[in-house]
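Computed from a predicted structure; not experimentally measured.
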Amino acid sequence: MAISKRKFTLEFKVDAAHRVIDSGRSVREVAQELSIERSTLSRWVRDERRRAEAIDTATGLPLETAERNELNRLRREIAELQKDNAFLGKAAAYFAQTPPKRRDSL
C-alpha cells in the first residue's frame with residue numbers, strides 16, 4: 001500500500017514556522033500539535049528565518065540586528081497576547097454558563 005504525500009500551502013508553512021519562531025515553543029511541540037514531521041517543520045522554520053533576515057518587507061532592505069530583535073520581541077508579545085485573549089474568551093464563556101450562587105442574607 002502506497003503512502004500518499006501530504007501537500008501544504010505556502011501560507012500553512014509560514015504560519016507553522018511562525019508558531020515556533022514567535023512563541024518560542026519547540027519544533028517538536030508544534031509538530032505534534034499540527035501532526036507533521038519534526039524534520040519538515042524544522043526545514044520550514046529555517047527557511048522562514050532566512051527569508052525574514054534577508055528582507056525588510058517595508059523597504060526591501062536587510063534588517064539591522066536591533067530591528068530584527070525588536071521584530072522578534074513584538075512577534076512573541078503578540079503570540080502571548082493572543083493566548084491571553086483565547087484564555088479570557090474561554091473563561092468568559094465558562095462564567096456565562098454558570099451563574100454565581102446567591103447567598104441568603106440573614
Side-chain angles (χ1 to χ4, degrees):
M1 186 161 121
I3 297 175
S4 63
K5 189 172 183 177
R6 292 170 50 189
K7 302 229 180 208
F8 299 99
T9 64
L10 179 60
E11 181 180 354
F12 179 82
K13 293 176 183 180
V14 170
D15 181 54
H18 279 283
R19 286 185 185 206
V20 174
I21 296 168
D22 298 342
S23 68
R25 295 166 55 199
S26 70
V27 171
R28 170 182 267 165
E29 182 182 347
V30 175
Q32 287 175 344
E33 178 183 301
L34 297 174
S35 301
I36 58 177
E37 292 292 324
R38 195 170 58 210
S39 60
T40 302
L41 181 57
S42 293
R43 187 175 61 250
W44 296 347
V45 169
R46 183 183 65 240
D47 293 345
E48 184 60 19
R49 283 185 174 144
R50 284 181 184 161
R51 189 197 62 77
E53 287 178 5
I55 328 178
D56 175 7
T57 56
T59 63
L61 300 172
L63 292 174
E64 293 180 10
T65 304
E67 292 172 324
R68 189 175 314 115
N69 291 339
E70 177 71 4
L71 180 61
N72 289 333
R73 184 189 68 77
L74 291 171
R75 285 180 175 163
R76 282 191 301 273
E77 186 176 331
I78 288 170
E80 285 298 317
L81 291 172
Q82 288 172 336
K83 286 181 196 176
D84 290 347
N85 284 342
F87 172 77
L88 291 173
K90 291 176 185 177
Y94 171 78
F95 287 115
Q97 290 177 352
T98 57
K101 294 181 182 177
R102 299 187 104 195
R103 297 175 78 180
D104 293 330
S105 48
L106 297 175

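The hydrophobic cluster containing Val14 does not contain Leu74, counting ILVMFWY residues as joined when their side-chain heavy atoms lie under 4.5 angstrom apart, directly or transitively.
Here the straight-line distance linking atom CG of Leu41 with atom CZ of Arg38 works out to 10.5 Å at 0.5 Å rounding. Summarising the geometry, atom CD1 belonging to Ile78 is positioned 10.0 Å from atom CZ belonging to Arg73; distances are rounded to the nearest 0.5 Å. To the nearest 0.5 Å, the span separating CG on Asp47 from CG on Leu10 amounts to 10.5 Å. From Ile36, atom CD1 reaches atom CZ of Phe12 across 5.0 Å, with rounding to the nearest 0.5 Å. Separation of atoms CZ (Arg76) and CG (Leu71) is listed at 10.0 Å; rounding is to 0.5 Å. Annotation: the span from Asp15 atom CG to Trp44 atom CH2 amounts to 10.0 Å, rounded to 0.5 Å.
The two residues Ser42 and Val27 make their nearest non-hydrogen contact at OG-CG1, 3.4 Å.
Applying the side-chain hydrogen bond (donor to acceptor under 3.5 Å, both in side chains) criterion to Glu80, with sequence neighbours excluded, gives no partner residue.
Residue-environment remark: CZ (Arg25) exceeds the threshold of 12 foreign heavy atoms within 6.0 Å. Counted within 6.0 Å of CD on Glu37, heavy atoms from surrounding residues, nucleotides or ligands total 12 or fewer; the atom is thus considered open.
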Evaluation steps, side-chain contact (heavy atoms from CB on, under 4.5 Å), between Leu34 and Arg19: CA-CA 10 Å; Leu34 297 174; Arg19 286 185 185 206; 3.4 Å; yes
